[in-house]
Amino acid sequence: MSRRVFMAMSGGVDSSVAALRLVEEGYDVTGVTLRLFDNEDIGDKSSTCCSIADVQDARAVCMRLGIDHIVLNFGDLFRQTTIRRFISGYQTGQTPNPCIDCNRFIKFDALLKRAQLLGFDAIATGHYADVSFDEVSGRYLLKRPRDRDKDQTYVLYMLTQEQLAHTLFPLGTLDKPQVRDIAQKHGFVNAEKPDSQDICFAPDGDYAAFIERQTGKPSPEGDFIDTLGRVLGRHRGLIRYTIGQRRGLGLPSAGRLYVLSKDAAKNTVTVGEKDALYASRLIVRDVNLISIGSLAGPHRAEVKIRYRHPAQPATLTPLEDGAVQIDFDEPQRGAAAGQAVVFYNADSVLGGGTISQE
RNA sequence: UGGGGUGUAGCCAAGUUGGUAAGGCACAGGACUUUGACUCCUGCAUUCGCUGGUUCGAGUCCAGCCAUCCCAG
């Protein structure tokens, strides 16, 4: 049984209430706030994770709870993993998900290792998810939380058995309204703080500008073309577009136009009508399995191709090189290479992977 | 230069027997959201190529002019 816990605290309500629950359950808790980047880069005044104000909020909650609070600077690692992959992903025409990389390389890897190095038994985060051990299979399961509306298992599909064995999600049995209510009753400074949104290191939502600032060079303009190859206009740089995008194209037309595909080699963006965005088959690579050790033969599951959408029934078929082929019962809209795909079996996460570029 | 067509917001485009400017795209703002998107909501022509005229009243009728397109040449 875990006793000493490293509680990852962003300064928001969720992780604050999660810390409270651990304390109430008798764990020996130390609050940890991560510094992942300097706000100088992003000219940010609003509050997101990692700002000085957030560190102060986390500290204030820890003081109220009477627990220790430390700040760890993982800025270099964050830059080398999450941000680097984010930038290269966009540059090669993909649509990366930095939150998942951050979980994968920072919170559940570097942070957990640091915790263990310091003699802690486990880490905990404020994610809405649940972990349980299945006696039958002998495996740790990642399960959907009670609050289905806030289900964050999608961004946790890459957790390994080892990581799950040392991770606690105290909010798995709470609803978001309850969390705010608890924060209120305990006088937490962040009880009314808005839910986080957008990419944390691009708080103004302009991730393309962030990439150009980081790389020091603008994404070159190119042609918008239709499915027949006819030039429709000029685009403002490949990184500003993603599959399924409608707004920001600036192209007049009879109906709504969506980005259908991007060609990094030719520097073109193909646009067309909504119907062309639907596809039934996906190839997923970099697969991680949770509830089962391996995938043998076709397997039915419910599959999500983005954070906020209901899982859809599909058949998973293992391919020889470790990749998995997904065949949805119904065509799905706007799957983008680089995005995460997560497989579910009822309330349990079967596994997941990354949509491959074909 | 003859003959025909067209000129309504950034683009496309409705505008009836003249009655006081649809809609779509784009754009802007907001909602939603621990990724990118999608979606949804709101806003967006005191004005109809220009100048006169007829009317209580004209984008809608008349005249002239300008612009542009097509066919002749």
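Note on naming: letters A, B, ... go to the chains in the order of the sequence lines (proteins, then strands), and numbering restarts at 1 for each one. The figures here come from the full heavy-atom set of this structure, side chains too, leaving out hydrogens, waters and symmetry mates.
When heavy atoms are screened at a 4.0 angstrom cut-off, A:R247 is found touching base atoms of the nucleic acid. At a threshold of 4.0 angstrom between heavy atoms, the contacts of A:L251 are confined to the sugar-phosphate backbone, with no base atom among them. In this structure, A:Y207 reaches the sugar-phosphate backbone alone: every heavy-atom distance under 4.0 Å involves primed, P, OP1 or OP2 atoms, never a base. Backbone-only contact: A:K150 has heavy atoms under 4.0 Å from sugar-phosphate atoms and none from a base. Residue contacts for A:G248: at a heavy-atom cut-off of 4.0 Å it reaches the sugar-phosphate backbone alone, with no base atom in range.
Within the cation-pi definition used here (under 6.0 Å to the ring centroid, within 45° of the axis), A:R79 does not qualify as a partner of A:F37.
Aromatic ring centres of A:Y154 and A:Y344 lie farther apart than the 6.0 Å criterion allows. The ring of A:Y157 has its center no closer than 6.0 angstrom to the ring center of A:F343.
Nucleotides B:C25 and B:A21 have their P atoms positioned 23 Å apart, rounded to a whole Å. On the P atoms, B:A26 is 42 Å away from B:C65, given to the nearest whole Å.
Annotated as anti: B:C48, whose glycosidic dihedral deviates from 0 by more than 90°.
Residue A:R306 places a side-chain atom within donor-acceptor reach of the base of B:G36, judged by atom type and a 3.5 Å distance cut-off alone.
A salt bridge links A:D223 with A:R234: the closest approach of a Lys/Arg side-chain nitrogen to an acidic carboxylate oxygen falls below 4.0 angstrom.
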